[in-house]
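Below is one structure, written out as structure tokens; the observations come after it.
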Amino acid sequence: MKKILEILSKNAKIQAQEIATMLHTSVENIKEQIKKLEKERVIVKYKAVINWDKVKTDIVHAIIEVKVIPIRGKGFDQTAKRIY
């Protein structure tokens, strides 16, 4: 079971046939083990790992540092509203 989890953690899209070949067991056994792991919530979900550098987008992200002095009795709230 641990080997299956290790394989799936590296590649969640790998086919049961490939896992079976890697672990020298039957496809049915692998499918059964995966279903059991999903049912027991050991495998909670499958996640895509994205290389954002390859995604073309027109969005620009920026970090702006602002130094402010809080207004007496109002704290930073009024300043934050003005910046927003």
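For residues 39-48, the pairs satisfying side-chain hydrogen bond (donor to acceptor under 3.5 Å, both in side chains) are Glu38-Tyr46, with sequence neighbours left out.
Cluster annotation: Ile64 is not connected to Tyr84 through the hydrophobic network of ILVMFWY side chains, with a link wherever side-chain heavy atoms come within less than 4.5 Å. The hydrophobic clustering, which links ILVMFWY residues whose side-chain heavy atoms are closer than 4.5 Å, places Ile69 and Val66 apart.
Side-chain atoms of Leu8 and Ile34, non-hydrogen and from C-beta on, do get closer than 4.5 Å to each other. Lys67 places a side-chain heavy atom less than 4.5 Å from the side chain of Glu65. Contact of the Ile19 side chain with the Thr25 side chain is not registered, since no non-hydrogen atoms from C-beta on lie closer than 4.5 Å.
Residues satisfying the side chain to side chain contact (heavy atoms under 4.5 Å, CB included) test with Glu32, not counting sequence neighbours, are none. In terms of the side chain to side chain contact (heavy atoms under 4.5 Å, CB included) criterion, residue partners of Thr21 (sequence neighbours excluded) are, by chain and number, Gln17. The side chain to side chain contact (heavy atoms under 4.5 Å, CB included) search around Glu18 returns Ile14, Gln15, not counting sequence neighbours. Checked against side chain to side chain contact (heavy atoms under 4.5 Å, CB included), Leu5 has the following partners two or more places apart in sequence or in another chain: Leu37, Val42, Ile43.
Rounding to the nearest 0.5 Å places CD1 of Ile30 at 10.5 Å from CE of Met1. Atom CE in Met22 sits 11.0 Å away from atom CD1 in Ile4 (nearest 0.5 Å).
Residue Val44 is found outside any hydrophobic cluster, as its side-chain heavy atoms come under 4.5 Å of no other Ile, Leu, Val, Met, Phe, Trp or Tyr.
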